[in-house]
Undergrad: 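Dumping the structure here so I can ask a few things about it.
Note that the coordinates shown come from a computational prediction; the quantities given were computed from them, not determined experimentally. Every number for a ligand or one of its atoms is a count from 1 in the order of the listing.
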Amino acid sequence: MGHNTFYHEILTDHNLHPGHKHELEHANLALEGVNPSCGDDIWLKLLVEDGKIVSGAFTGDGCAISQASADMMLDLVIGKTREEALRLSDIFLRMIQGKASAEEVEELEEAGVLQDISHMPARVKCAVLGWHTLEEMLKRD
Ligand code: ZN
C-alpha cells in the first residue's frame, strides 16, 4: 500500500516536472523510440564525449509511464560511461521481466519503483521504451 502510493507520487512528479524533457541542441546521438500499442513516441538525444554521457534529454509524447520512465532513466545515466549506462539498462530490462536481484534493483534508484510493471503486461512496452531506445543507440554507435 505504502509502496503503491510512493510509486504513484514518483510517476506523477516526473510527469508534472520532467527534468529532462526538452530539446538538446548539442546532441551527437539521437534516436526515435515508438510503442505503437500505446501511442508512445519519443526522441532520445544524448551528448556523448570520450565515452561518457555528458548530457541527455527527450522530447515527444506518450502515457505517464513511458514519460516518467524515460525521465528517470536520464536521471540515472547522465554522467555515466556508455558501458555503465548499458549495464544499468540491462538491469532495468531484466527487472521488468522479474529477473533482477534486489541489489541490482537498488542500483536503479528511483527507476526501481517501476518493478511492479512486470505484473502489468500491457504497460511493459511503455516502461521499457526509453531504455530500449538508449540501448539501441549506444550499441549502434
Ligand atoms: Zn504507454
Undergrad: Taking salt bridge (charged side-chain N to carboxylate O under 4.0 Å, His left out) as the definition, give me every residue that meets it alongside Glu23, ordered by chain and number, with sequence neighbours left out.
TA: Lys45
Undergrad: Tell me whether Arg82 contacts the main-chain N or O of Ile53 through its side chain, where contact means a donor paired with an acceptor under 3.5 Å.
TA: no
Undergrad: If you measure from CG on Leu76 to CD on Glu109, what distance do you get to the nearest 0.5 Å?
TA: 5.0 Å
Undergrad: Table please: side-chain donor-acceptor pairs of residues 58-66 below 3.5 Å, with sequence neighbours left out.
TA:
{"from": "Ser66", "atom 1": "OG", "to": "Asp40", "atom 2": "OD1", "distance (Å)": "3.2"}
{"from": "Ser66", "atom 1": "OG", "to": "Cys63", "atom 2": "N", "distance (Å)": "3.3"}
{"from": "Ser66", "atom 1": "OG", "to": "Cys63", "atom 2": "O", "distance (Å)": "2.9"}

Undergrad: Test of understanding: with side chain to side chain donor-acceptor pair (under 3.5 Å), list the residues that count as partners of Glu107, not counting sequence neighbours.
TA: Arg87
Undergrad: Please give me the protein atoms (N, O or S only) lying under 2.8 Å from the Zn ion (ligand 1), ordered by chain and number.
TA: Cys38 SG, Asp40 OD1, Asp40 OD2, Cys63 SG, Cys126 SG
Undergrad: Does Asn35 use its side chain to pair, donor to acceptor, with the backbone of Leu129 at less than 3.5 Å?
TA: no
